[in-house]
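Shown next, in structure tokens, is the structure this report addresses.
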Amino acid sequence: MYLDGKWVGNDYEVFTEIINPATNEVIGAVPTGGAYEAEQAVDAASKAFKTWSKKTADERYQLLMKWFFLIEENKHEIARIMTIEQGKPLKEALGEVQYANGFISWYAEEGKRIYGETIPAFDPNKRILVRKEPVGVVAAITPWNFPAAMITRKVAPALAAGCTAVIKPANQTPLTALKMAELANKAGIPNGVLNVITGRSSEIGDVWLKDSRVTKITFTGSTEVGKTLMRGAAENVKKVSLELGGNAPFIVMEDANLQKAAVGLIQSKFRNAGQTCICTNRVYVQETVAEQFIQLFQKELEKLKVGNGLEEGTDIGPLIDKAAYKKVDSLINDAVKKGAKVTYSGLRPAKENGYFFAPTILTNINDDMECMKDEIFGPLAPISTFKTEEEVIARANDSCYGLAAYVYTENLSRSFRITEQLEYGIIGLNDALPSAVQVPFGGYKESGLGREGGHYGIEEFLEVKYISIGLDLN
Ligand SMILES: NC(=O)c1ccc[n+]([C@@H]2O[C@H](COP(=O)([O-])OP(=O)(O)OC[C@H]3O[C@@H](n4cnc5c(N)ncnc54)[C@H](O)[C@@H]3O)[C@@H](O)[C@H]2O)c1
Ligand SMILES: O=C[C@H](O)CS(=O)(=O)O
């Protein structure tokens with residue numbers, strides 16, 4: 001663990017093993033921390049906040065950019081660590097490191113533009129100033145599917161705003177987080193500004209929920225855990241921002257560019273082996289073009305290679321663990337039992353004993369099947385057909401989730417009609433890869449609270465204060 005600028009826990013008796021999901025081999029271990037370390041981290045971050053928050057925006061910019069350049073220099077090593085502990089193909093891991101680093105450079109700059117305002121007073125003897133101030137010590141709890149980007153999407157704006165951070169990465173993928181912390185230390189980011197604790201999740205989370213010095217919980221993960229944290233935060237009205245689960249519909253209208261839509265579905269469905277919060281979960285194709293579209297989609301899918309992410313040419317790596325594998329398998333069994341047809345099932349590497357899942361297309365799908373209601377988080381594409389625009393909008397919105405949705409149509413008026421009626425925070429219109437550092441990423445309904453990225457993302461780490469000044473001007 002990285003605590004107050006020091007590496008701690010190597011002499012611990014209890015360690016958590018890290019497994020390579022492509023080989024099922026132990027690749028490392030990290031000390032199993034808990035309440036004690038969680039409190040130590042807050043002590044360090046609270047002490048560091050006193051000086052870090054008083055630095056100028058430019059001083060923080062300089063240090064964040066040193067971190068940025070060190071990550072850039074070490075991107076291949078970080079990507080390799082990520083592939084070994086998370087499983088995604090090396091090319092995707094490298095892409096994630098650069099995406100993650102993009103948040104650091106974006107917020108290093110954004111920290112210089114935390115503007116206040118003056119407001120015209122109605123009393124001639126008053127002046128009103130508005131200023132924005134860092135919220136304080138931020139607790140960041142992050143998932144395994146994007147071990148680097150989900151950290152910097154929180155910590156970069158927090159530090160740029162003058163906050164300090166205590167981080168609990170996912171137990172499956174702590175090595176990437178610890179490498180990023182090592183580089184932050186090397187960049188000269190002062191002790192205590194950024195701390196990484198590994199170990200017993202709920203024990204660590206409970207300490208941070210109860211400690212009043214932690215002014216903000218920022219969480220990315222499942223909706224279930226998000227609700228737990230939100231309930232806990234209510235005890236002392238702690239600020240929360242939540243980036244939670246999704247159930248993205250992918251809508252193909254009859255006037256879509258079908259080849260473009262087929263390629264887009266490959267991109268949206270199989271990125272990170274289908275393990276992203278904005279992966280397509282449900283495919284809806286207008287019935288007049290369904291057969292043609294499915295043929296085009298399958299033709300693209302047959303080009304993809306499933307394998308170890310370290311191997312050249314791998315497009316789809318393993319799922320994160322056995323439970324993930326069994327979940328996708330059970331969703332297929334449920335759908336088939338309810339009448340679905342396995343239209344395509346790809347190859348998985350025979351010799352490996354990792355959690356490789358064959359990319360699968362199911363057709364003859366109806367909305368009663370679990371794969372249309374639950375987050376799949378795997379390389380399974382259930383395809384259903386629809387007759388009218390009104391029908392597909394109603395079906396797409398019939399979910400407790402509201403993170404991302406995708407629409408393919410070449411008709412301008414139709415694209416506005418549909419996108420404006422979809423209840424989702426992120427819409428890909430003829431675009432399957434909407435994520436970027438400059439956009440307000442987040443969801444409606446049970447997909448979360450708040451936004452990360454862009455100029456919206458730094459507001460999550462700022463308080464707004466106004467000063468009403470009484471004067472004798474007459
Ligand atoms: N909306 C987004 O931006 C986004 C991005 C990535 C992943 N996700 C979601 O995350 C989920 C997959 O990630 P996951 O399996 O790591 O999610 P998860 O909710 O199981 O775990 C997320 C993090 O929370 C920790 N955690 C678990 N229980 C906790 C508790 N009681 N108290 C404190 N911390 C606790 C875990 O150790 C991990 O670090 C999916 O649902 C996916 O949709 C959402
Ligand atoms: O899992 C969802 C993350 O937010 C990853 S990305 O932002 O979509 O790349």
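Because only heavy atoms are used, hydrogens play no part in the values below, and waters and symmetry mates are left out as well, while side chains stay in.
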Looking at every non-hydrogen atom in both residues, tell me the closest pair between [X] and [Y] and how far apart they are.
X: Arg153; Y: Gly453; answer: CG-N, 4.4 Å
X: Gly102; Y: Val437; answer: C-CG1, 3.6 Å
X: Ala139; Y: Val214; answer: CB-CG1, 3.8 Å
X: Leu462; Y: Ala161; answer: CD2-CB, 3.8 Å
X: Pro359; Y: Val306; answer: CD-CG2, 3.5 Å
X: Tyr107; Y: Glu452; answer: OH-C, 4.5 Å

Do [X] and [Y] make a side-chain contact, defined as non-hydrogen atoms from C-beta onward lying under 4.5 Å apart?
X: Glu410; Y: Asn430; result: yes
X: Ile71; Y: Val97; result: yes
X: Val196; Y: Pro169; result: yes
X: Lys305; Y: Glu311; result: yes
X: Met253; Y: Ile418; result: yes
X: Gln172; Y: Pro21; result: no
X: Phe386; Y: Gln286; result: yes
X: Phe250; Y: Tyr284; result: no

Given 3.5 Å as the limit, does a donor-acceptor pair link the side chain of [X] with the main chain of [Y], or not?
X: Lys238; Y: Leu209; value: yes
X: Thr152; Y: Phe103; value: no
X: Thr314; Y: Gly317; value: no
X: Ser268; Y: Thr280; value: yes
X: Glu85; Y: Thr176; value: yes
X: Asn24; Y: Tyr355; value: no
X: Trp208; Y: Ala140; value: no
X: Lys269; Y: Leu380; value: yes
X: Asn364; Y: Lys341; value: no
X: Asn20; Y: Val26; value: no

More than 12 non-hydrogen atoms from neighbouring residues, nucleotides or ligands closer than 6.0 Å to [atom1] on [X], yes or no?
X: Met230; atom1: CE; value: no
X: Glu291; atom1: CD; value: no
X: Lys66; atom1: NZ; value: no
X: Ile27; atom1: CD1; value: yes
X: Lys239; atom1: NZ; value: no

Thr288/Glu254 under side chain to side chain donor-acceptor pair (under 3.5 Å): CA gap, chis, key distance, verdict:
CA-CA 6 Å; Thr288 47; Glu254 60 191 1; 2.6 Å; yes
Under the side chain to side chain contact (heavy atoms under 4.5 Å, CB included) criterion, do Asn281 and Asp374 qualify, and how do the steps go?
CA-CA 8 Å; Asn281 212 70; Asp374 195 358; 6.0 Å; no
Which residues satisfy the salt bridge (charged side-chain N to carboxylate O under 4.0 Å, His left out) test with Asp398, sequence neighbours excluded?
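Here no residue qualifies.
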Would you call [X]-[Y] a salt bridge at under 4.0 Å N-O?
X: Arg271; Y: Glu92; answer: no
X: Arg451; Y: Glu459; answer: no
X: Glu77; Y: Arg80; answer: no

Which is it for Lys88 and Phe146 under the side chain to side chain contact (heavy atoms under 4.5 Å, CB included) test, yes or no, and what are the steps along the way?
CA-CA 9 Å; Lys88 65 180 69 176; Phe146 286 81; 3.4 Å; yes
Check for me whether the distance between the ring centres of Tyr456 and Phe441 falls short of 6.0 Å.
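No.
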Below 6.0 angstrom between ring centroids: does that apply to Trp144 and Phe377?
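They qualify: ring centres under 6.0 Å apart.
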Working to the nearest 0.5 Å, report the span between [atom1] of [X] and [atom2] of [Y].
X: Leu319; Y: Asn145; atom1: CG; atom2: CG; result: 12.0 Å
X: Glu96; Y: Ser435; atom1: CD; atom2: OG; result: 11.0 Å
X: Cys371; Y: Asn333; atom1: SG; atom2: CG; result: 11.0 Å
X: Glu390; Y: Gln421; atom1: CD; atom2: CD; result: 7.5 Å
X: Thr23; Y: Asn308; atom1: OG1; atom2: CG; result: 7.0 Å
X: Glu25; Y: Glu17; atom1: CD; atom2: CD; result: 12.0 Å

Among Ile266, Thr360, Asp315, find the residue that satisfies the side-chain contact (heavy atoms from CB on, under 4.5 Å) test when tested with Leu301.
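When Ile266, Thr360, Asp315 are each tested with Leu301, the side-chain contact (heavy atoms from CB on, under 4.5 Å) holds only for Ile266.
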Worked verdict on Thr16 versus Thr32 for side chain to side chain donor-acceptor pair (under 3.5 Å):
CA-CA 6 Å; Thr16 304; Thr32 306; 2.7 Å; yes
Give the C-alpha distance, both sets of side-chain angles, the deciding distance and a yes or no for side chain to side chain contact (heavy atoms under 4.5 Å, CB included) between Val392 and Arg395.
CA-CA 5 Å; Val392 74; Arg395 291 174 67 186; 5.5 Å; no
Full working for salt bridge (charged side-chain N to carboxylate O under 4.0 Å, His left out) between Lys338 and Asp368
CA-CA 8 Å; Lys338 294 173 182 171; Asp368 291 335; over 6 Å; no
Ignoring hydrogens and angles, state whether a donor on the side chain of [X] or [Y] is under 3.5 Å from an acceptor on the partner side chain.
X: Tyr12; Y: Glu37; value: yes
X: Ser415; Y: Thr409; value: no
X: Asn171; Y: Ser201; value: yes

Let me see the working for Lys373 and Glu370 under salt bridge (charged side-chain N to carboxylate O under 4.0 Å, His left out), right down to the final yes or no.
CA-CA 5 Å; Lys373 302 174 202 170; Glu370 288 310 311; 3.6 Å; yes
Go through the steps for Phe219 and Leu244 under the test side chain to side chain contact (heavy atoms under 4.5 Å, CB included), then give the verdict.
CA-CA 8 Å; Phe219 171 75; Leu244 306 178; 3.5 Å; yes
Checking Lys154 against Phe461: charged group under 6.0 Å from the ring centre and within 45 degrees of the axis?
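Judged by the rule, Lys154 and Phe461 form no cation-pi pair.
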